[in-house]
Each structure stands twice: as structure tokens, then as C-alpha cells.
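Positions are given from 1 along the sequence.
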Amino acid sequence: MPSLSRHSDRRSAEELVEELREEAEELARDLKGIPAQETVHGEAAQTLEEYGAALSQIAAGVDDPKAIATQALALSKPLRPIGQGADPLRDLLKPRRT
């Protein structure tokens, strides 16, 4: 079985998430009115976090790994805010994954 050790030239998932969130913040400033979590970068950061959490649970021997994987792949959790608070009016007009 191949080694699962991380290559020294690759970033960790946490580092990728941090960079994606920073990019989301910068992009949201330019887009004026689009929250950072609704940018592709913001959604990608949250997806990586959710997949990482699911894989950690599966690796730890969770009782029903298929259910954990299915839940993660469904991307059903609401988007978490990034940086400053979300605009409540926008949330009412355009709800996201609830």
C-alpha cells in the first residue's frame, strides 16, 4: 500500500482553506454585495473543511462511514460566514443551502 505521508512541496488542507478564505475576502471586496462565503473560493474552502472532517471521522472508525460520506457529498450544510457578518437582507432575498 502506498505511503500516505504528505509531500513536502504540498500545502496542507488547512493551509489551502486559509488561502481560499483570504482569496474569497479579496474577491468579495471587489464584487461589492456578494458575501465572501458565496464566492467560489469561499464555497471551496468550506467544502474542503467538510470533506476533511468527514475523512477524519471515517479514518477514526466511525460506525457508519457510508452515512458520513453521503452527508459530506450532499453539501447540505449552510454556508458559514467568512470575515464580517453577512447581510441579513441578502439572506432573506437569496437563501443559501439551508
Side-chain angles (χ1 to χ4, degrees):
M1 180 179 242
S3 171
L4 297 178
S5 65
R6 191 170 89 75
H7 295 279
S8 60
D9 59 336
R10 292 187 66 187
R11 287 171 269 188
S12 69
E14 292 83 12
E15 291 168 326
L16 289 171
V17 167
E18 183 178 331
E19 284 188 40
L20 285 167
R21 290 205 187 284
E22 288 172 7
E23 289 291 325
E25 285 285 344
E26 289 179 27
L27 187 57
R29 281 192 291 276
D30 293 340
L31 293 175
K32 297 191 187 341
I34 303 296
Q37 70 269 20
E38 290 186 18
T39 66
V40 171
H41 293 87
E43 287 193 44
Q46 181 167 333
T47 300
L48 276 174
E49 283 182 325
E50 290 175 17
Y51 287 175
L55 286 171
S56 293
Q57 290 178 34
I58 292 168
V62 69
D63 289 338
D64 191 356
K66 184 176 178 182
I68 298 296
T70 301
Q71 180 183 5
L73 290 171
L75 296 174
S76 60
K77 293 182 182 177
L79 291 170
R80 290 189 295 265
I82 300 172
Q84 297 178 355
D87 179 357
L89 180 58
R90 180 174 178 77
D91 290 342
L92 291 172
L93 298 174
K94 185 179 177 190
R96 302 287 294 176
R97 289 195 222 145
T98 54

Asker: Does the side chain of Lys77 come within less than 4.5 Å of Gln71's, by heavy atoms?
Answerer: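 Answer yes - side chains close enough.
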Asker: To the closest 0.5 Å, what do you measure between OG1 (Thr47) and CG (Leu75)?
Answerer: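 Those atoms lie 5.0 Å apart.
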Asker: Does any N or O in the side chain of Glu15 come within less than 3.5 Å of the main-chain N or O of Ser12, such that one atom is a donor and the other an acceptor?
Answerer: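 Judged by distance alone, yes, a pair lies under 3.5 Å.
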Asker: Out of curiosity, Ile82 CD1 to Glu25 CD, how far, rounded to the nearest 0.5 Å?
Answerer: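 So the CD1 of Ile82 and the CD of Glu25 are separated by 6.5 Å.
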Asker: Which heavy atom of Gly42 sits nearest to which heavy atom of Ala24, and what is that distance?
Answerer: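 Minimum heavy-atom contact is N-CB, 3.6 Å.
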Asker: Quick one: pull up CD in Glu50 and CG in Leu73 and give me the separation to the nearest 0.5 Å.
Answerer: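 So the CD of Glu50 and the CG of Leu73 are separated by 10.5 Å.
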Asker: In this structure, which one of Glu14, Glu43, Glu49, Glu26 forms a salt bridge (Lys or Arg N to Asp or Glu O under 4.0 Å) with Arg21?
Answerer: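 Of the listed options, the one satisfying the test is Glu49.
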Asker: Can you check whether Arg80's main-chain N or O pairs, donor with acceptor, with Gln46's side chain at less than 3.5 Å?
Answerer: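 Confirmed, Gln46 side chain pairs with Arg80 backbone.
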Asker: Count the heavy atoms of every other residue, nucleotide or ligand shown that sit under 6.0 Å from CG of Asp30, and state whether that count exceeds 12.
Answerer: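 Count over threshold, so yes.
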Asker: If you link ILVMFWY side chains whenever their heavy atoms are less than 4.5 Å apart, which other residues fall into the same cluster as Ile58? By chain and number, please.
Answerer: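 Cluster partners of Ile58: Val62, Ile68.
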Asker: I need the minimum non-hydrogen distance between Leu20 and His41, along with the two atoms involved.
Answerer: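 So the minimum-distance heavy-atom pair works out to O-CB, 3.5 Å.
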